[in-house]
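These figures come from a predicted structure and were not determined experimentally. Labels below follow one simple rule: chain letters A, B, ... track the order of the sequence lines, proteins then strands, and each chain is numbered from 1.
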Protein chains: 2
Amino acid sequence: MSSATKTLELLSFFSASRPEIGLSQLCRIAGRDKATTYRHLQALEYAGFVEKNPTTRHYRLGPAVLHLAQVREATVPRKAAVQLSLSQLADATGETAHVSVLSGTVVYSLASCESPRHGTRAVIDITTFPLHATATGICALAFGPADLFDVAAAHLDRFTANTPTTPQAVSNLVDNARTTGFGSSNGNYESEVYSLSAPLFDQTELFVGAVTVASVASRFTPDLERKIKRELAKASREITHNWGGTLPTGVEAAWAETLSPLHAMDTTS
Amino acid sequence: MSSATKTLELLSFFSASRPEIGLSQLCRIAGRDKATTYRHLQALEYAGFVEKNPTTRHYRLGPAVLHLAQVREATVPRKAAVQLSLSQLADATGETAHVSVLSGTVVYSLASCESPRHGTRAVIDITTFPLHATATGICALAFGPADLFDVAAAHLDRFTANTPTTPQAVSNLVDNARTTGFGSSNGNYESEVYSLSAPLFDQTELFVGAVTVASVASRFTPDLERKIKRELAKASREITHNWGGTLPTGVEAAWAETLSPLHAMDTTS
DNA sequence: GCGGTGGGTTCATATGCTGAACCGCTGTTT
DNA sequence: AAACAGCGGTTCAGCATATGAACCCACCGC
């Protein structure tokens with residue numbers, strides 16, 4: 001492990017829950033010598049990656065990281081950062097994949113990608129997603145801010161025979177999303193489109209959006225469902241990471257449970 | 001210069017105008033050996049600070065910087081990051097200092113700090129600043145987005161005898177701000193309050209807000225004006241830096257000109 | 001097929017990184 | 001008030017590790 005790598009590793013010990021770290025404390029966390037750690041911190045401080053809290057002499061992340069983040073955002077905007085994941089997802093599942101983001105109480109489409117595998121495809125032709133009637137929306141309700149449910153409950157329009165139009169019916173879908181880690185819509189918005197959706201998170205584990213695969217009802221077998229869920233989990237990890245976020249352990253656990261071989265027997269039985 | 005410092009320095013060569021850099025190119029920019037630079041880049045890539053564009057093999061900033069920026073923002077929110085600069089500014093000038101930020105076409109107050117030096121003080125009791133009648137607003141018009149002027153011209157309310165109420169009068173103040181690097185208001189909003197304002201910028205040198213000192217007309221001498229301008233420039237550099245931004249060279253040049261001893265003769269004569 | 005450029009690799013050399021032990025300070029305990 | 005523990009910060013001998021000249025291979029224009 002190079003000196004530079006060790007220096008950079010120090011930065012990863014700072015987090016929202018541990019924003020300031022003293023020298024000795026950092027030595028213990030990193031399991032390294034005090035003199036070494038001190039010199040590494042000096043290098044980081046010189047470059048503006050950390051700064052000293054003048055009163056406590058503890059270290060915290062510095063302004064340089066803001067600077068770099070702005071350059072990164074200008075270089076690879078969020079939209080561009082999902083394109084690769086999205087095309088891989090569409091490719092692996094043979095279905096239409098898309099990513100949407102939450103802004104206030106509205107979930108809008110950021111990017112989508114269709115797979116050429118089948119002649120029939122789901123096409124994402126809406127820009128904002130009804131919260132109660134789409135896999136994406138259910139995901140937002142399940143993992144997003146609590147006050148979103150009231151907004152959803154105030155607009156329970158019926159789109160198809162399957163659209164849930166009572167708060168209780170929506171609540172059931174949301175509960176299911178929370179336990180499985182995936183939002184789902186079986187023709188709730190368009191009768192022939194079955195969708196599955198996985199949430200995306202920021203660094204503080206706040207919901208920021210969802211990645212979704214939209215399939216066609218007639219080919220939506222349990223096997224395909226499992227494949228899509230596996231790929232969705234992968235894509236969600238990837239996109240969340242690319243946006244600088246982290247997945248809550250609860251979601252990972254829900255996925256592990258949902259995708260375990262044991263559970264597979266249940267769903268296919 | 002330590003290996004870690006050299007590694008970190010590589011990151012500073014990425015910018016909005018040069019977002020992706022190849023290995024050889026980076027060697028030339030940094031003036032370092034190819035093997036060394038390559039190993040440094042590997043360390044950075046391993047830590048997620050850079051990533052390779054898979055098609056061009058060029059390097060660009062990675063997702064880790066977004067992650068760190070979010071932690072930094074959670075650790076030291078912008079408001080907290082200005083407090084120290086602001087109290088130093090209030091202390092050095094003996095006047096009231098405040099920081100405001102531009103959001104859309106509205107300039108709102110982020111934080112303010114009064115100095116106890118004098119019994120009479122300017123008090124910042126508004127939350128949004130009229131663009132045409134305050135030093136802060138003139139600063140926004142001079143250095144902010146061009147379409148702001150139309151917004152300002154549509155609301156030329158008169159507050160005092162000095163308030164500029166014609167587009168031409170506002171335009172003159174804006175021109176003056178552009179050449180001096182400081183917005184000013186001589187009782188344009190409240191007749192007894194004289195204010196000076198310096199702009200704040202983000203990483204792409206876009207105007208994001210202003211730092212202002214509000215003084216009382218009766219003690220606003222040319223000497224005090226010069227002192228305030230010097231301190232404002234210092235505070236603007238500091239806050240801009242703390243927010244991860246960079247000052248346009250044009251503004252620095254305007255300040256240097258305004259604050260030069262030669263220029264001082266002109267203003268005091 | 002040839003020169004120029006690019007990314008990536010090798011290896012002997014010596015530079016500069018490492019960590020035990022140290023200092024001076026502060027707040028707490030006895 | 002003396003002893004103590006913990007902190008941030010410093011020193012220096014010894015050797016791990018960073019360094020860069022020279023190298024390879026692939027690609028591109030000609």
Novice: What residues form a side chain to side chain contact (heavy atoms under 4.5 Å, CB included) with A/Ala256, not counting sequence neighbours?
Specialist: none
Novice: Which residue pairs satisfy the ring pair (Phe, Tyr, Trp, His ring centres under 6.0 Å) criterion with at least one member in residues 34-57 of chain B, sequence neighbours excluded?
Specialist: none
Novice: What does the B/S/- profile of nucleotides 25-30 of chain D look like, 5' to 3', with a 4.0 Å heavy-atom cutoff to protein?
Specialist: ------
Novice: Could you list where the contact with chain A starts and ends along DNA chain C, reading 5' to 3', using a 4.0 Å heavy-atom cut-off?
Specialist: C/dC17 to C/dA20
Novice: Please list residues of residues 11-29 of chain B whose heavy atoms come under 4.0 Å from any atom in DNA chain C, ordered by number; otherwise none.
Specialist: B/Gly22, B/Leu23, B/Ser24, B/Arg28
Novice: Run the salt bridge (charged side-chain N to carboxylate O under 4.0 Å, His left out) test against B/Arg32 and tell me which residues pass, sequence neighbours left out.
Specialist: B/Glu9
Novice: What residue pairs, at least two apart or across chains, pass ring pair (Phe, Tyr, Trp, His ring centres under 6.0 Å) with a residue in residues 55-101 of chain B?
Specialist: B/His98-B/Phe129
Novice: Listed in order of residue number, which residues of residues 32-40 of chain A have a non-hydrogen atom at under 4.0 Å from DNA chain D?
Specialist: A/Lys34, A/Ala35, A/Tyr38
Novice: Hey, can you pull the donor-acceptor pairs under 3.5 Å for the side chains in residues 76-85 of chain B, sequence neighbours left out?
Specialist:
residue: B/Ser85; atom: OG; partner: B/Glu238; partner atom: OE2; Å: 2.6

Novice: For a quick check under 3.5 Å, do A/Arg219 and A/Thr120 share a side-chain donor-acceptor pair by atom type?
Specialist: yes
Novice: B/Leu206: which residues meet the side chain to side chain contact (heavy atoms under 4.5 Å, CB included) condition with it, sequence neighbours left out?
Specialist: B/Asp202, B/Thr204
Novice: If I take atom NZ in residue B/Lys6 and atom P in nucleotide D/dA18, what distance separates them, rounded to the nearest angstrom?
Specialist: 10 Å
Novice: Scan side-chain atoms only and decide if A/Thr136 and A/Thr212 contain a donor-acceptor pair under the 3.5 Å cut-off.
Specialist: yes
Novice: Does B/Trp255 have its ring centroid less than 6.0 Å away from the ring centroid of B/Phe182?
Specialist: yes
Novice: Please confirm whether the backbone N or O of A/Arg237 pairs with a side-chain atom of A/Thr240, one donor and one acceptor, at under 3.5 Å?
Specialist: no
Novice: Could you work out, with side chain to side chain donor-acceptor pair (under 3.5 Å) as the rule, every residue matching B/Glu51, not counting sequence neighbours?
Specialist: A/Arg72, B/Arg60
Novice: Can you list the residues that meet the side chain to side chain donor-acceptor pair (under 3.5 Å) rule with A/Asn53, with sequence neighbours excluded?
Specialist: A/Glu20, A/Thr55
